[in-house]
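Structure record follows, encoded as structure tokens.
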Amino acid sequence: AQSVSQHNHHVILSEAASLELGCNYSYGGTVNLFWYVQYPGQHLQLLLKYFSGDPLVKGIKGFEAEFIKSKFSFNLRKPSVQWSDTAEYFCAVNGWDNDMRFGAGTRLTVKP
Amino acid sequence: DGGITQSPKYLFRKEGQNVTLSCEQNLNHDAMYWYRQDPGQGLRLIYYSQIVNDFQKGDIAEGYSVSREKKESFPLTVTSAQKNPTAFYLCASSLRQGDDEQFFGPGTRLTVL
């Protein structure tokens, strides 16, 4: 069955550390890819998305993600995290049946 | 102020009772969705609607029902047939169903006692 996997359940970093959150999906066709973020007590909101073109996409708040088709991956990165990045991050894929599928989420805790 | 509203924020019900969660949007979006969020499982799709008077089952539709009589509104009923209804429920909308970005409401936390 098609699925979206996020490798890390909970990541703990110190401020200024670099971040990479993994996301893999299992579908060989055309996909649209998304990263959403849920800050404590706030709505789920879009960080960035990839539909086509440059596989390196930039989003809000200094986040970026790279689509590597051969690896079925769409990893999220940020060179230097801040305490305010503490949140839960969800990878989502739209492709096989035109429905959005979400990963289980990665909780990021940034220590000041 | 455009957006999606869900009410109430917290809801408590006794086992065996049906309960309806409200979702309204003023974004003029055609598509609306209901998700269930459980710890460690991400978001799972319950139902979606591409257009008024039409809706489709998602991955975990059993024990739930929806209606879409107006473009702005997509209420979700959690019936007594739902075996494990205690969860956080999120409503979302997008311009069209499919590849568009989805916009989310604040969610309703349902606790069945």
Spatial distance of atom CD (B:Gln102) from atom CG (A:Leu46) [nearest 0.5 Å]: 10.5 Å

Part of A:Gln38 within contact of chain B (heavy atom distance under 4.5 Å): side chain

Toward chain A, the part of B:Tyr35 with a non-hydrogen atom under 4.5 Å: side chain

Steps toward side-chain contact (heavy atoms from CB on, under 4.5 Å) verdict (A:Tyr36, B:Glu101): CA-CA 10 Å; A:Tyr36 283 85; B:Glu101 170 191 354; 4.0 Å; yes

Residue A:Arg107 excluded, over 12 heavy atoms near CZ under 6.0 Å: no

Heavy-atom neighbours of B:Gln17 CD exceed 12 at 6.0 Å: yes

Quick check on the hydrophobic clustering: are [X] and [Y] connected, directly or via other members, by side-chain heavy-atom contacts under 4.5 Å?
X        : Y       : result
A:Met100 : B:Leu95 : no
B:Phe104 : B:Leu45 : yes
B:Tyr10  : B:Val19 : no
B:Leu76  : B:Phe12 : no

Might you point out which heavy atoms bring [X] and [Y] nearest each other, and give the distance in Å?
X        : Y       : answer
A:His43  : B:Ile4  : CE1-O, 4.2 Å
A:Ala104 : B:Gly40 : CB-O, 3.4 Å
A:Phe90  : B:Leu43 : CE2-CD1, 3.9 Å

